[in-house]
Asker: 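Structure below; questions to follow.
Just so it is clear, the model here is predicted, and its values are computed rather than measured. Read the numbers this way: they start at 1 and go in the same order the structure lists the ligands and their atoms.
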Amino acid sequence: MRRLNVALAERSYPILIGDGLLSRADEILAHLRTPRVALVSNTTVAPLYLEVLAGGLGKVGVGITPIILPDGEAHKTWESLNLIYDALLAARCDRSTTVVALGGGVIGDLAGFAAATYQRGVPFIQIPTTLLSQVDSSVGGKTGINHPRGKNMVGAFWQPKLVLADTDTLRTLPDRELSAGMAEVIKYGLIRDLPFLEWLEANMEGLMARDGELLAHAIERSCANKAEVVAADEFETAKDGGRALLNLGHTFGHAIETGMGYGAWLHGEAVAAGTLMAAELSRRLGWLAHADVERIRALLLRTGLPVRAPDLGAARYLELMSHDKKVIAGSLRLILLKALGAAVTSADVPQEKIVAAIAACCGE
Ligand code: NAD
Ligand code: GLY
C-alpha cells in the first residue's frame with residue numbers, strides 16, 4: 001500500500017493507494033468519529049463494490065445507511081443532493097455520522113457537498129473507483145453540483161478525512177472512462193512535472209493495458225502533485241498560479257461539457273480537447289513550439305482521447321467561458337503553458353487570439 005499525506009494543518013489527511021483496500025475496514029474505522037456511516041454510491045458501482053465494503057465495515061461493528069443514486073453527470077444536480085439529504089434525515093443520521101462516497105467524481109462531488117452542508121457539516125471519506133477520481137477529484141476538497149448555466153457552479157470546499165483508492169476497482173472501468181482519467185494524469189505532467197510527462201510518454205501503452213504497477217505509480221505521482229498544490233493554495237486564492245493551474249484545459253473543457261449537455265462528453269474527454277486548445281493558444285502567444293503542441297496531441301491520441309473540440313462556434317465558447325469560476329471582475333483568467341511542465345495563469349490574452357485558437361481546434 002502506498003501512503004501520501006495532504007498537509008493542511010488540523011485538516012490534514014492520508015491518501016491510501018493499493019489493491020484490495022475496499023476490504024480494509026480497519027483503515028476506515030480509524031477515521032470514524034462514531035461507528036456509523038452513510039454510504040453514497042450509484043446504480044453502477046453499488047452492485048460491483050458495495051457488498052465487499054459494507055461486509056467489512058459490518059464485521060467491525062459499523063452501522064451503514066446505503067444511499068444509491070442514479071448514475072451519470074446529468075444527475076449531478078439539486079435533485080440528487082436532495083435524495084441524499086432525505087435519506088440522511090430518514091435514517092436519523094446525526095453530526096457524528098460519516099458520509100462515505102463510493103464511486104467516481106460525480107458521486108464524490110455530490111456526497112462531499114452533502115457532507116459539507118448536512119447539519120452544517122459532517123465528516124466525509126472518499127473511496128474513488130475511477131481513474132479520474134483516484135488521481136484528481138477525491139483529493140483537495142472541492143465538492144459541488146452542476147447548474148444548467150455552468151459546471152460545478154454550486155459547491156463548497158470540504159476536505160475528506162481519508163482518501164482510499166483501491167486500484168483493483170479499475171479492472172471493471174470501461175475503456176472510455178480509463179482514457180478520460182488519463183487526461184487528468186497527463187495534466188500534472190504538463191503543468192508542473194516534466195519528468196512525469198516523459199515517464200507517461202514512455203509507459204502509455206502499459207498504462208492503457210492496465211498494468212497494475214504502472215497504474216499505481218501514475219496514481220501516486222498524480223496525487224503527490226495534487227497534494228502539494230492543494231497544500232500551498234487550498235482555496236485557490238493565489239494571485240498567480242497556485243491551485244488554479246490544476247484547471248489546465250478546464251475553461252475550454254467546461255464550455256464543451258455545458259455546451260454539449262452534461263454527460264455527452266465525459267469530463268476527461270472535454271479536458272483533453274480543452275488542453276489542446278490551451279496549448280494551441282500558448283503557441284499563438286509564442287510560448288510553445290509547434291513541436292510541443294504535436295507532442296501533447298500524440299500523447300493524447302495514444303490514450304484514445306479526442307483531440308478535436310466540438311464546433312459550438314467561437315461566440316458560444318466565449319459566452320460559456322465567461323461563467324468560469326476563474327473570472328475575476330469580468331476578466332477571464334486562462335491557464336496556459338509557458339513550456340511543457342510549466343503552466344501559468346494569464347488574464348490579458350487578446351480575445352482575437354482566443355477566437356483563433358478555438359477555430360483552429362474545432363470540428364472534424
Ligand atoms: P463518473 O463519476 O461519472 O464515473 C464514470 C462512470 O464510471 C460512471 O458511469 C460510473 O458509475 C462508472 N464507474 C465508476 N467506477 C467504476 C468502476 N470501478 N467500474 C465500472 N464503472 C465504474 O465520472 P468521473 O470521471 O469519475 O468524474 C467526473 C466528475 O468529477 C465530473 O463531474 C467532474 O466535474 C468531477 N471532477 C471533480 C474534481 C474535484 O476536484 N472535485 C476534479 C476533477 C473532476
Ligand atoms: N480539479 C481542480 C482542483 O481540484 O482544483
Asker: Starting from atom 5 (O) of ligand 2, which protein heavy atom do you reach first, and at what distance in Å?
Answerer: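 The answer is Arg243 NE, 2.7 Å.
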Asker: Suppose we measure from atom 36 (N) of ligand 1 to each protein heavy atom; which comes out shortest, and what is that distance?
Answerer: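 Looking at atom 36 (N) of ligand 1, the protein heavy atom closest to it is Ser137 CB, 3.7 Å.
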Asker: I'd like the name of whichever of Lys187, Lys226, Lys142 reaches closest to atom 4 (O) of ligand 2 through any heavy atom.
Answerer: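 Result: the heavy atom closest to atom 4 (O) of ligand 2 is in Lys226.
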Asker: Which residue and non-hydrogen atom of the protein lie closest to atom 1 (N) of ligand 2, and at what distance in Å?
Answerer: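 Protein heavy atom at minimum distance: Asp136 OD1, 3.3 Å.
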Asker: Would you call Arg210-Asp175 a salt bridge at under 4.0 Å N-O?
Answerer: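 Salt bridge present between Arg210 and Asp175.
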Asker: Under a 4.0 Å N-O cut-off, is there an ion pair linking Glu184 with Lys226?
Answerer: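 Looking at Glu184 and Lys226, the cut-off is not met.
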Asker: Is there a polar contact between ligand 2 and His250, counting only N or O atoms under 3.5 Å apart?
Answerer: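 Such a contact does not occur with ligand 2.
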Asker: Give me the residue, atom name and distance of the protein heavy atom closest to atom 28 (C) of ligand 1.
Answerer: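 Of the protein heavy atoms, Leu132 CD2, 3.9 Å lies nearest.
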Asker: Is the shortest side-chain N to carboxylate O distance from Lys151 to Glu73 below 4.0 Å?
Answerer: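 Between Glu73 and Lys151 there is a salt bridge, with a charged N closer than 4.0 Å to a carboxylate O.
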Asker: State plainly whether the residues Glu213 and Arg2 are in salt-bridge range, i.e. N to O under 4.0 Å.
Answerer: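 Arg2 and Glu213: salt-bridged.
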Asker: Tell me: protein heavy atom nearest atom 19 (N) of ligand 1, and distance?
Answerer: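 Nearest neighbour among protein heavy atoms for atom 19 (N) of ligand 1, to 0.1 Å: Thr172 OG1, 2.7 Å.
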Asker: Return the residue, atom name and 0.1 Å-rounded distance of the protein heavy atom closest to atom 14 (C) of ligand 1.
Answerer: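 Closest protein heavy atom to atom 14 (C) of ligand 1: Thr130 CG2, 3.2 Å.
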